[in-house]
Student: 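Mind having a look at this structure? Questions to follow.
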Number of protein chains: 2
Amino acid sequence: MNTMRGARERARTEVTAAIKEEARKQLAAEGAAKLSLRAVARELGMASSALYRYFPSRDDLLTALITDAYDAVGETAESALAAASAGAGHLERWLAVCVAVRRWALDHPHEYGLIYGSPVPGYTAPQDTAQPAARVALVLISVARDAYGSRGLAKQRLPAGLRTDAERLAAEVAPDLPPETAMAFVAVWAQLFGLISFEVFGHFHRVVEERDAFFAHAAGELARTVGVLPEA
Amino acid sequence: MNTMRGARERARTEVTAAIKEEARKQLAAEGAAKLSLRAVARELGMASSALYRYFPSRDDLLTALITDAYDAVGETAESALAAASAGAGHLERWLAVCVAVRRWALDHPHEYGLIYGSPVPGYTAPQDTAQPAARVALVLISVARDAYGSRGLAKQRLPAGLRTDAERLAAEVAPDLPPETAMAFVAVWAQLFGLISFEVFGHFHRVVEERDAFFAHAAGELARTVGVLPEA
DNA sequence: GTCTATACACCGATAGAC
DNA sequence: GTCTATCGGTGTATAGAC
């Protein structure tokens with residue numbers, strides 16, 4: 001009885017994985033807005049109605065793909081940090097994470113676009129994508145936190161209107177950091193993905209050719225502005 | 001004869017404008033990937049086949065929308081600079097342009113997504129979008145150029161691998177600037193749109209509430225990193 | 001330049017047999 | 001859980017009359 005349920009559940013997980021894999025292929029070919037349960041079923045040799053046993057609606061499939069994408073890039077960032085940690089300096093660890101995230105984005109442009117590009121029209125993400133979505137940011141914050149212990153970022157000013165946001169942010173995510181630093185980090189976070197998005201979405205076409213070097217340079221400068229410095 | 005052609009051409013321009021306007025509405029409702037000549041025609045009370053006299057295919061309509069969007073945000077940037085120029089300092093002018101671009105993006109999120117979000121699957125932009133696409137960057141570069149004349153940006157290093165790109169860039173777009181500065185500017189350009197995209201695409205939800213102040217602060221810091229300083 | 005009509009394909013979702 | 005069949009739509013694109 002237990003083994004039977006085990007087998008059934010195993011089968012279910014396998015089919016679910018196959019559906020998502022095929023859906024990712026279609027994401028690349030047609031885009032998220034045109035993701036179609038019917039086409040997935042056709043390609044898998046199933047009846048379209050059978051898919052509804054796995055995903056109650058098209059949006060649920062989309063949610064699964066979005067969650068998976070956030071988890072994939074989040075895990076990429078976490079692994080990169082773990083791999084770099086052995087004796088590396090703060091800047092090296094920061095760069096290792098940034099480079100790994102960029103690499104993932106370039107290798108999975110459509111999944112990247114799904115999470116960091118234009119929102120899918122008519123789709124609103126449920127609350128449960130929030131946690132996976134935060135993983136990359138948390139990795140970068142942990143590097144920053146190590147980098148300057150609790151000393152914070154030197155001579156950084158914060159407009160009065162941002163104090164409330166900054167204090168809430170610090171409390172939520174990095175209680176040991178000064179609010180100014182937490183706020184500065186948010187800007188750097190967005191700017192980092194600006195660099196990646198411009199590259200993935202083709203805005204560096206005929207503008208920058210040596211993109212590896214360019215990204216490493218820019219990501220290093222970003223680290224500086226948030227107080228992650230070369231010295232270990 | 002001349003007046004007849006004039007009337008015809010006027011009618012043609014008006015219908016063309018109506019088609020694009022309706023298409024922009026659908027862009028907001030359904031997204032670029034689902035933009036449909038038929039739906040546009042239906043809403044306009046025309047036969048779908050009639051639209052083919054104005055746009056030979058769906059992609060041509062899309063190209064027109066993309067070009068228009070680049071031109072709209074480009075003109076926004078140019079106007080903001082013109083309005084701010086009267087006696088304003090360099091930083092004020094830089095901020096005026098950034099704030100205007102952000103404002104346009106927030107007011108036209110779908111048109112923004114069309115040009116700075118995920119590429120439309122199956123669509124490749126023709127060469128003639130390149131010039132409108134450059135307008136915002138050229139405005140920002142002109143502010144930067146004014147800001148430091150030909151002195152360039154102090155103590156800025158450039159990795160060896162980026163020298164070729166940097167020199168080509170400077171030659172193409174700002175011959176009076178040192179290559180290091182031109183290259184730094186590209187990074188700032190991408191980072192600025194990173195800030196805007198994160199806000200427009202909803203990544204600051206429950207992260208930053210005081211977004212006006214946040215953006216102004218971050219854009220000002222960006223100006224600093226590219227050598228645009230407060231003093232006029 | 002606009003219309004009707006048409007060819008041919010697609011979609012999400014559900015009902016009900018097995 | 002999978003199937004067939006079906007409802008009620010959607011789309012691009014063209015042909016040919018006016």
Side-chain angles (χ1 to χ4, degrees), chain A residues 1 3-66 120-124 126, chain B residues 1 3-65 120-124:
Chain A
M1 178 77 163
T3 66
M4 258 194 81
R5 192 166 58 206
R8 254 185 225 158
E9 283 186 359
R10 195 162 51 247
R12 195 180 167 82
T13 341
E14 273 164 23
V15 177
T16 305
I19 291 172
K20 291 198 289 188
E21 193 181 347
E22 177 58 37
R24 271 187 282 268
K25 275 187 207 163
Q26 298 206 7
L27 203 63
E30 298 287 346
K34 283 191 179 164
L35 178 64
S36 135
L37 287 184
R38 254 188 128 99
V40 170
R42 193 169 38 238
E43 217 63 29
L44 255 44
M46 299 169 70
S48 63
S49 53
L51 288 206
Y52 287 83
R53 301 280 171 182
Y54 296 88
F55 296 96
S57 82
R58 199 200 79 123
D59 281 10
D60 291 274
L61 175 53
L62 210 47
T63 299
L65 295 180
I66 290 173
V120 182
Y123 169 85
T124 45
Chain B
M1 176 80 163
T3 67
M4 258 195 82
R5 192 166 55 205
R8 253 185 227 158
E9 282 186 0
R10 195 162 52 246
R12 194 179 168 81
T13 342
E14 272 164 25
V15 177
T16 304
I19 291 172
K20 290 198 290 187
E21 192 180 347
E22 177 57 36
R24 271 187 282 269
K25 274 186 207 163
Q26 297 206 7
L27 204 62
E30 298 289 344
K34 283 190 177 165
L35 179 64
S36 136
L37 288 183
R38 231 186 149 102
V40 171
R42 193 170 38 236
E43 217 62 29
L44 255 45
M46 300 170 69
S48 63
S49 52
L51 289 206
Y52 286 83
R53 300 280 170 182
Y54 296 87
F55 296 96
S57 82
R58 200 199 77 124
D59 280 10
D60 291 276
L61 176 53
L62 210 47
T63 298
L65 295 180
V120 182
Y123 169 85
T124 45

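In what follows, every chain begins at residue 1, and chains take the letters A, B, ... in the order their sequences are listed. Atom set for the values below is all heavy atoms of this structure, side chains included, hydrogens, waters and symmetry mates excluded.
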Student: Within this structure, what is the OH-to-P distance between A/Y52 and C/dC11, rounded to whole angstrom?
Tutor: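 After rounding, the gap between these two atoms is 11 Å.
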Student: Could you go through nucleotides 1-3 of chain C and list every protein N or O atom that sits under 3.5 Å from one of its N or O atoms, giving the distance for each pair?
Tutor:
residue, atom, partner, partner atom, Å
C/dG1, OP1, B/R12, NH1, 3.2
C/dT2, OP1, B/Y54, OH, 3.2
C/dT2, OP2, B/Y54, OH, 3.0
C/dC3, OP2, B/A47, N, 2.6
C/dC3, N4, B/S49, OG, 3.2

Student: Could you list the residues that satisfy side-chain hydrogen bond (donor to acceptor under 3.5 Å, both in side chains) with B/Y52, not counting sequence neighbours?
Tutor: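 By the side-chain hydrogen bond (donor to acceptor under 3.5 Å, both in side chains) rule, B/Y52 matches no residue at all.
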Student: Answer with base, sugar-phosphate or nothing: what part of the nucleic acid does B/L35 contact at a heavy-atom distance below 4.0 Å?
Tutor: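 Sugar-phosphate: the residue B/L35, judged by heavy atoms under 4.0 Å, touches backbone atoms but no base.
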Student: Once salt bridge (charged side-chain N to carboxylate O under 4.0 Å, His left out) is applied, do any residues pair with B/R58, and if so which ones, sequence neighbours excluded?
Tutor: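 Not a single residue meets the salt bridge (charged side-chain N to carboxylate O under 4.0 Å, His left out) criterion with B/R58.
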Student: What about A/R38, does its side chain sit under 3.5 Å from the base of C/dG12 through a donor-acceptor pair?
Tutor: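 Looking at the base of C/dG12, it does pair with a donor or acceptor on the side chain of A/R38 (distance under 3.5 Å).
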Student: Quick check: closest heavy atoms across B/G31 and A/P121, and the distance to 0.1 Å?
Tutor: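 So the minimum-distance heavy-atom pair works out to CA-CG, 3.3 Å.
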Student: For a quick test of reading the model, state the closest non-hydrogen atom pair linking A/A32 to A/V120 and the distance between them.
Tutor: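 What the structure gives for the nearest pair is CB-CG2, 3.7 Å.
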Student: So, using side chain to side chain contact (heavy atoms under 4.5 Å, CB included) as the criterion, who are the partners of A/S57 when residues are at least two apart?
Tutor: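 Expected list: A/D59, A/D60.
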Student: Name every donor-acceptor pair, under 3.5 Å, that has one atom in a side chain of residues 34-48 of chain A and the other anywhere in the protein, sequence neighbours excluded.
Tutor:
residue, atom, partner, partner atom, Å
A/S36, OG, A/R38, N, 3.3
A/S36, OG, A/A39, N, 2.9

Student: For A/R58 and C/dC10, give me the distance from atom CZ to atom C1', rounded to whole Å.
Tutor: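 Interatomic distance, CZ of A/R58 to C1' of C/dC10: 14 Å.
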Student: Using the side chain to side chain contact (heavy atoms under 4.5 Å, CB included) criterion, which residues pair with A/R53? Sequence neighbours excluded.
Tutor: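 Scan of A/R53 (side chain to side chain contact (heavy atoms under 4.5 Å, CB included), adjacent residues dropped) gives none.
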Student: Rounded to whole angstroms, how far apart are CG on A/D59 and C1' on C/dG12?
Tutor: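 It works out to 11 Å between those atoms.
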Student: Taking atom C1' of D/dT12 as reference, at what distance in whole Å does atom NZ of B/K34 sit?
Tutor: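 About 16 Å, once rounded to whole Å.
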Student: Whole Å only: how far is the CZ atom of B/R42 from the P atom of C/dT4?
Tutor: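 The answer, rounded to whole Å, is 14 Å.
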Student: Looking at residues 20-33 of chain A, who's got a heavy atom less than 4.0 Å off DNA chain D?
Tutor: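 Close to the strand, none.
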Student: Looking at B/S36, I'd like to know whether one of its side-chain N or O atoms comes within less than 4.0 Å of OP1 or OP2 on D/dT12.
Tutor: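 Affirmative; the distance criterion is met.
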Student: So how far is it from A/E22 CD to A/Q26 CD, rounded to the nearest 0.5 Å?
Tutor: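 Going from CD on A/E22 over to CD on A/Q26, the span is 5.0 Å.
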Student: Report the residues that fulfil side chain to side chain contact (heavy atoms under 4.5 Å, CB included) with B/A64, sequence neighbours left out, ordered by chain and then residue number.
Tutor: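 Once residues adjacent in sequence are excluded, the partners of B/A64 under the side chain to side chain contact (heavy atoms under 4.5 Å, CB included) criterion are B/K20, B/F55.
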Student: In this structure, how many angstroms lie between the P atom of C/dG12 and the CZ atom of A/F55, rounded?
Tutor: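 Rounded to the whole Å, the gap is 14 Å.
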